[in-house]
Structures are given as C-alpha cells and as structure tokens.
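Shown next, in structure tokens, is the structure this report addresses.
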2 protein chains.
Amino acid sequence: MAITLKEVAERAGVSRSAVSRTFTQGASVSAKTRKKVEKAARDLGYSPSLIARSLATNRTKLIGLIANNFQNPVFLEVFDLYTRALQERNLRPLLVNLTDQTDPSASVQLLKQYSVDGVIVASSTLPPLFAHAFKEAQVPVVHAFGRFASTPDIHIVGIDNEHCGALAAETLQKHRYKRVAFLGGPQSATSAQDRATGFIRRAKEIGLEIVEILYADAYAYDSGQRAMGKLLQDRRFEAVFCGDDLICMGAMDAARDRGLSIPKDIGFIGFNDMNMAAWQAYSLTTIRQPTSEIILSSVDLVVSMLDTPGRAPEVRLFPCSVVERSTLKPIEN
Amino acid sequence: MAITLKEVAERAGVSRSAVSRTFTQGASVSAKTRKKVEKAARDLGYSPSLIARSLATNRTKLIGLIANNFQNPVFLEVFDLYTRALQERNLRPLLVNLTDQTDPSASVQLLKQYSVDGVIVASSTLPPLFAHAFKEAQVPVVHAFGRFASTPDIHIVGIDNEHCGALAAETLQKHRYKRVAFLGGPQSATSAQDRATGFIRRAKEIGLEIVEILYADAYAYDSGQRAMGKLLQDRRFEAVFCGDDLICMGAMDAARDRGLSIPKDIGFIGFNDMNMAAWQAYSLTTIRQPTSEIILSSVDLVVSMLDTPGRAPEVRLFPCSVVERSTLKPIEN
DNA sequence: GAAATTTTTGCAACCGGTTGCAAAAAACAT
DNA sequence: ATGTTTTTTGCAACCGGTTGCAAAAATTTC
C-alpha cells in the first residue's frame, strides 16, 4: 500500500539503514547519499511510518490529555492551548474524555496500551490519586490545575487556590461588603474545597461575615443557576463569591430573573476570567487564573520528563489577580 | 520495561501465538489455554501493545479529528460527542488544531504518518478541497458539517444550509417583521454562503425586505459584536438573522449596549441552538442544528468505511427546526 | 476402536522501521 | 605513497505483536 523504507532504499540504490538515517535527527549520513535518498523519497511520496518508528524507539510522541469537564467552555480554551503547545513541540494529544467513569486504572490501562510518552491530567476536580496511578505505572505525568501539596509526589502545575479564595474575601471587603455568601464548585473537587478554605479563613480575619456556604453540583451554568435559586430563598447577603465564572453566570441570571439588579442589589465575583467573563451581558469581576501559563508550563514539564524520567516532583504555582469589571458595587472614596 | 507477549507465553507454558490469539477477537483458542494465558497475563499485569499490533495489522484505531474553530463553545459540545462516540466504538480521536495553517497537505502528511484509520473533518468553514486531500491519499474521510453537494465525491454529513436560511426568513415573516438584516458568518465559509443564499431567495419570494447584508469575520462573539456595531450606525431594520448563535450573542450585546431592548426594539434569530442559547441572559430564538445526530452519523459512516473502503460517497442531511424563545416579538393573533 | 473430520497449536515469516557493530571509504598526517 | 584517524555504510538483530500453514490433538462418525 504505502511506500516503505525498503522501496526508497532500492530506488536510491542504498541500504535501508541509509534511508532510515536520513530521516532521523542527528544520524550520520554523507551529503551525497542524503541527497539521493531525499530525491527517491520525494519521487515516491514516502513518509516514514511513525508506528514502526515507535515500535523500534519506544517513543510515540503521543501525550495523553485527560479531561473530565466538557460542559465548561473554559476547557475549549484549554484544549486550544494544549493542542497548539504540543503541536509546536512535534507532539500530539490523545484526548481522553473521562465522563463519569471514575476508575483510574481503566485510563491507565488504555494509555499504556497506546504507549503514550507522557500524560497531562488537566482537571481541578480529579483527586490526586488519579495522577498517581500513572506515576505508579512509570508514565511521566503532570497534574495541571491540580491541588498544591507542600511535599508533592507528582508534578503539579496550578495556582494556590487557598490564596485565591483569600483574595476574593479581600476584594469583597475592599468594595465595602459586610455580609456575603460563598457559592463553590462541586464539593468533591479539591479546587472548590481550597478556595472555600482560603475564603473563609481570610473572611474571618478581616471581619467579613459569611452567611451562606453552598456548593454547586458541577462547574456548570445550570448548577450555578440552581444553587443560586436556593440561596435566594432567604437572602441575607449583599454579594456572592462564586468558585467559577460559569457558575457565576448561572447565578447572576438566576438573580436577575428574580428582578435583582447587578451590582446595585447584589454583587458577584467569579473565578477564572474565562473569555466569556468579559462579555457585555456579564462583565464579570473575577479572579484571573493564568490558564495559558499553566498550560505552557505543564507541557514544558512533561516534555522535560521525557528526557529526565527521574526528575524530582515539582510544584509550579502561578499568581492570580483580580480583574475588576462591573459586578461589584463601585468603591466610593 | 513493560511486559511482553513472550514473557506471558513463557509463564503460561504456551507459544506466543497462543497468547496473541487469546487477545484477538475471533481467534481459535481452547478454553483451557485461554484460561492459562489469562491467568499468566493477570499475574504479570500484561496488556498488549497497540503499537505493535498496529504495525502487524495495519490498523491503528486512531481517527483523525480536524477542527479549526476553538473560539466557539459549540465545539466543546462537538468534541464531547465525538470523543464519547469514538470511545464507545473502541476508537480514539487524534485531534488536529488547524489554527490558521490552511495547507491541507501538511495535515494529510501528518495523519498519514500516524496511519490513522480514518479522518473526520469537523468544520463548516473549511473548503471541500480539504477533505478531498484525504480521499486522494486513500484515507477514509467524512466531512461533517460540510457543504451539501448533489453529486458528492466524498461523504458529507450535515444540514441543508440553504433550506435553513429559508426557514429563518419564514420565521421572521411569521413574526410580522418587514425589514430585516442578515449578519452571517465569515464569507469564506460555505455554510455562511449557503445560509445567505437560502435566506435571500426565500425572503424575496415571501416579500421580506432585506436592507443589510454583512458578514462577520469569524464565528465568534467579538466578530458579531463588531459587525453589529457597524449595522447599528444606520438602523433601518427591525430584526436580524445571525448565521450563528455566538455571533448573535455578540450582536445582541452590541444592541443592548446602545440601549436597545430585545425584542421590543429589535429582534434576533440565531443559528445552531448551542447550549448557551438557552441561557436566561439571551434566551435566543434560533434554528436548531442537530449536532448530536450529525456527529453520531459521521462516526458511523467513518466506521463503516473501515470495513468497506470502496463505499460510494454519500450525503446525509438532517432536518433543522426553529426553537422559539424570546428574542423575536411575540406573534399577535 | 479405527478412520475421517474438526479444532487447536506452534513454527516461522512478516509488519516498517532503528541501531550496535565492524568493514569500507574518505580525510588527514607525515 | 603509506599509515593513521575519522566518517560513512551495510549487515543483521531487534522492537512486540499477527497470521498462513502444516502438524498435533481432540472430536465425531461408523
């Protein structure tokens, strides 16, 4: 069917090794044979089979990309960045959609079968245990958006969620709010837990009163909308910290639906600064997570592990910042 | 490193072929040896290498998934559906992010190197020429969301965009609009062209006056917002047909920003019925594209081509329908 | 129980590349 | 021109599976 090494070798009048060498980086071939081979290859329309090469070299140039939230548009940005970053390094993502199948061993099995060179777990909702399974299977792994641990046993790239929660508390106080609510992501997500912890701790320190704590059941619009519906049954707060922009948008729409005006009647601060946060219909004040830095860094890290498998586990944290738009009442001087 | 066939064979006390056969569908092995092999495999934690298998069988179970719009959240739904549908059939997507590199031959080259079993081009903006390149390279290909052709030379799964454009015109007339504008997707996209054609033709037939025709530069929020800004400089229309929901949301926000109220001052009808169209902040009346059907069908089609490579090219069109929400003024009786 | 038939098994070649090693060729030194 | 060093080349084994074929084993038939 397709053209093989052998045919090119015959046409160029050289050995198979010579052909192989002209197509592998840093191999020793004279300019003369290289030229002959390249011509023959061009004539025949040859391109080397990565499958065969993978078998021989034990490298596939495939990186498993594990995700489990296809409801949140922020993941489209994430995929965009990952595919580009990997493509630039001549690697390809093998996408695994985790849906609800929580069993790590199945994915490990799967990606092992494909002999991926490395794995990036891109999720803030998966437990650390998940990335672990790969480490145990000797597959280089990076947990992006994962939970920060002071003595990590796997590579983690992300943010300090606790600190970000604290940042939210400070921002609300700066805007002169006294009584607030917390509307987090799913309670099982480490990111949601940590943001809550930091928020609550800092609020206590600076005298911000938290009158409600509720967790949405997913990082999704509908979940935010529903949860806000519950919170609004007896509103004793003036602003809400939402653990995610999408949840926040759902919550805002629920509030507006009840005739509340933002930020006049109620304030909101979100989390992520996804593209949509800047949309006029929301114009969300939010905490920016440096998605792009996290992604680039996690790709770099997994790439470096390909060469240095024994690398000591590393935590890379990137700073978050407040992006002020118009969902908190203006600060009066 | 990893456990191989040979080691399992030795431990089970059988030949390598026997092991191979217990792990391949429909091969002849006695219950007794199967049991022995399975035990040995379990003990050793063996899982067969798909790479090696691919090399031998010339099948990789990899399907190239080509996309070029990572700005539009509808594509997250698309990815979700594709990854699930493929996973269910024991196939995996190899994602190619086309960004701006328009050269088909590069992607063909790339996917040929990975020996993908088939390719799905999932884009309404790529020219037919693109999918062609794969056909010529003998790779089974389906163009999902592609342009309908009465004598197709490749498989196409999608909708009749002209008819959908006509549907939009009829809906606007039903809602008693007289003078309307068309705000399409990028003019280079066949989908945008066809929706325009159908809309314009039908409008003429039923006496709906089109006073403006403009194309956004991408299927994106910002593009819609900008384009609407232009249209609003001299507004002589009462409603707008937007060739895409996301464009429509941008356009709506631009209109509201100028103090217009929807649908009192201006009406909108979108296209796609993406999840977000149902959001309270927009509650968009739109034309539903049966995304899920298109995707499932295109996966089925590419799978069937794996067995029957010579299959005659086929066009599969799915009907669209109007989803009424609240961006067109109510019909008075 | 022997012959005929069917099923199971192992051998060995193959898929399309890579790579260590030794021989051959080229380049350099004297 | 000869000997030495460096570079290039081909051979052959290997990566981890699959599969056609013939022999061996099990099953059926009479």
Side-chain angles (χ1 to χ4, degrees), chain A residues 1-38 40-41 44-62 90 109-117 138, chain B residues 1-38 40-41 44-62 90 109-117 138:
Chain A
M1 195 65 133
I3 309 298
T4 75
L5 195 82
K6 205 173 118 197
E7 305 171 58
V8 177
E10 277 163 12
R11 180 177 244 263
V14 297
S15 74
R16 291 164 56 219
S17 332
V19 179
S20 171
R21 285 185 181 115
T22 61
F23 284 98
T24 38
Q25 285 295 34
S28 142
V29 244
S30 68
K32 197 161 41 149
T33 42
R34 152 155 282 138
K35 194 157 288 173
K36 275 197 292 183
V37 170
E38 274 168 354
L44 261 36
Y46 168 77
S47 69
S49 155
L50 288 187
I51 301 289
R53 174 177 294 177
S54 296
L55 184 59
T57 59
N58 210 21
R59 286 284 193 102
T60 55
K61 296 194 170 267
L62 245 30
N90 201 18
Q109 177 86 349
L110 185 85
L111 290 174
K112 241 176 72 184
Q113 290 196 159
Y114 272 102
S115 327
V116 293
D117 288 345
Q138 311 260 43
Chain B
M1 196 63 131
I3 310 299
T4 75
L5 195 80
K6 204 173 119 200
E7 305 171 58
V8 178
E10 276 162 13
R11 179 176 244 264
V14 298
S15 74
R16 292 165 54 220
S17 331
V19 179
S20 170
R21 283 184 182 116
T22 62
F23 285 98
T24 38
Q25 286 294 34
S28 143
V29 244
S30 68
K32 197 160 43 146
T33 42
R34 152 155 283 138
K35 195 158 286 175
K36 276 196 293 184
V37 170
E38 274 169 354
L44 261 36
Y46 167 77
S47 68
S49 155
L50 288 186
I51 302 290
R53 174 177 294 178
S54 297
L55 185 57
T57 60
N58 209 23
R59 286 282 194 103
T60 54
K61 296 197 170 268
L62 246 29
N90 202 16
Q109 178 86 349
L110 185 85
L111 291 175
K112 241 177 71 184
Q113 289 196 158
Y114 272 101
S115 326
V116 293
D117 288 345
Q138 312 260 44

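Here is the naming used below: chain letters follow the sequence lines, and residue numbers restart at 1 for every chain.
Each of B:Ala52 and B:Ala31 was assigned the nucleotide of DNA chain C with the nearest heavy atom; the assignment lying further toward the 5' end belongs to B:Ala31. Position along DNA chain C of the nearest nucleotide to A:Val19 versus B:Ser28 favours B:Ser28 as the more 5'-ward residue.
The A:Thr4 side chain lies nearest to C:dG17 when the options are C:dG17, D:dG20, D:dT9. Closest approach to the B:Arg16 side chain among D:dT18, C:dT9, C:dG10 is made by D:dT18 (side chain taken as heavy atoms from C-beta onward). Here the nucleotide nearest the side chain of B:Ser17, chosen from C:dG10, D:dT8, D:dG17, is C:dG10. Ranking D:dG17, C:dT18, C:dT9 by closeness to the B:Arg53 side chain, first place goes to D:dG17. Out of D:dT9, C:dG10, D:dG16, the shortest distance to the side chain of B:Ala56 is found at D:dG16. Each of C:dT9, C:dA12, C:dT18 was ranked by its minimum atom distance to the side chain of A:Ser20; first place goes to C:dT18. The side chain of A:Leu55 has D:dC15 as its nearest neighbour among D:dT18, C:dT18, D:dC15.
One atom, NZ of A:Lys112, and another, P of D:dG16, lie 13 Å apart when rounded to the nearest Å. Straight-line distance from the CG atom of B:Leu50 to the P atom of D:dG17: 10 Å, rounded to whole Å. If you take NZ of A:Lys6 and P of D:dA12, they are 15 Å apart, rounded to a whole angstrom.
A donor-acceptor pair is defined here as one N or O able to donate and one able to accept, closer than 3.5 Å; no such pair exists between the side chain of A:Ser47 and the backbone of B:Gln113.
By the 4.0 Å N-to-carboxylate-O rule, A:Arg34 lies close enough to A:Glu38 to be salt-bridged with it.
Within the 4.5 Å cutoff, the side chain of A:Arg16 has no heavy atoms near those of the A:Val19 side chain.
By the ring-ring contact (aromatic ring centres under 6.0 Å, His included) test, B:Phe23 is found to be paired with B:Tyr46, residues two or more places apart in sequence or in another chain being considered.
No contact: A:Ser54 has no heavy atom under 4.0 Å from any strand. B:Thr24 comes within contact range of the sugar-phosphate backbone alone, with a heavy-atom separation under 4.0 Å but no base atom that close.
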